[in-house]
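Notes for the one structure printed next.
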Amino acid sequence: MTTLVDYEIRELCRNSGLVEPFDANRLNPTSIDVTLGSVILVEGRVCGPESERVRWQEMIIDQGVILAPGQFILAHTAETLRMPNWVEGRFQLKSSRAREGFNHLLADGIDPGFTGCLTLKLQNVNQRHSLEIKPGMAIGQLRFSSLDSRPIKSYAVTGRYSANAAACPSQG
């Protein structure tokens, strides 16, 4: 595997739609910054004859929202990805967000053939301080590697979330 660098990422974004919309100002030497979308899922509780279970409730955050200490949400990137069959990716939280108290839980891989927005698993790990999230805030970086060979079946064939409407909530 070989890590893709700025000019290779730029070319894939412009010619193949790797990251859309593409903003050259978000390009770094070996990554591209991505931003937070406008819809999050928050935990709600459902009680009934069955055992208590968690149900996700959709929330539009046009003006932003405050995450309480310890609160966990599902969010998504504002950008859509179109991964070629010969490229894999990794999401990592921006270090400035980590210093504020955000954590992104471990599922960070992006398989070849994936299409859609990334679902982010975000938590406020502060013990006493709340954090604000807003649509469009820089949240993470994507790093890409070219594969030495192509998989027999890409994520476009085997994946559960590729091109799934739930992976890219409507942005209204």
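Contact record, P135 with G64: CD-N, 4.2 Å, taken as the closest heavy-atom pair. Listed here is the closest heavy atom pair of A107 and H104: O-CE1, 3.5 Å. Closest of all the heavy-atom pairs between I32 and D23 is CD1-O, 4.4 Å.
Atoms CG and CG, on L118 and D108 in that order, are 10.0 Å from each other to the nearest 0.5 Å. In this structure, CG on L131 lies 5.0 Å from CG on N126, to the nearest 0.5 angstrom. One distance of note links CG of L120 with CD1 of I73; it measures 8.5 Å at 0.5 Å rounding. The distance from atom OG of S31 to atom CZ of F91, rounded to the nearest 0.5 Å, is 11.0 Å. Atom CG of L18 is separated from atom SG of C13 by 4.5 Å, given to the nearest 0.5 angstrom. Here the straight-line distance linking atom OG1 of T77 with atom CG of L142 works out to 7.5 Å at 0.5 Å rounding.
Looking only at distances, a side-chain donor or acceptor of N124 sits under 3.5 Å from a matching main-chain atom of H129. Between the N85 side chain and the P151 main chain, no donor and acceptor come within less than 3.5 Å of each other. Here the side chain of D148 pairs a donor or acceptor atom with the backbone of M1 at under 3.5 angstrom. Distance alone, capped at 3.5 Å, is enough to place a donor-acceptor pair between the R97 side chain and the A138 backbone. With hydrogens and angles disregarded, a donor-acceptor distance shorter than 3.5 Å links the side chain of E79 to the backbone of T35. With Q123 contributing its side chain and G70 its backbone, the two residues share a donor-acceptor pair below 3.5 Å.
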Practice problem: In sequence, state the C-alpha distance, the side-chain angles, and the governing distance for I40 and L122, and then conclude on side-chain contact (heavy atoms from CB on, under 4.5 Å). | Solution: CA-CA 10 Å; I40 63 171; L122 299 174; over 6 Å; no
Quiz prompt | Full working for side-chain contact (heavy atoms from CB on, under 4.5 Å) between T30 and D6 | solution = CA-CA 6 Å; T30 59; D6 51 6; over 6 Å; no
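Exactly one of E88, R90, M83, E8 qualifies for a side-chain contact (heavy atoms from CB on, under 4.5 Å) with F144. That residue is M83.
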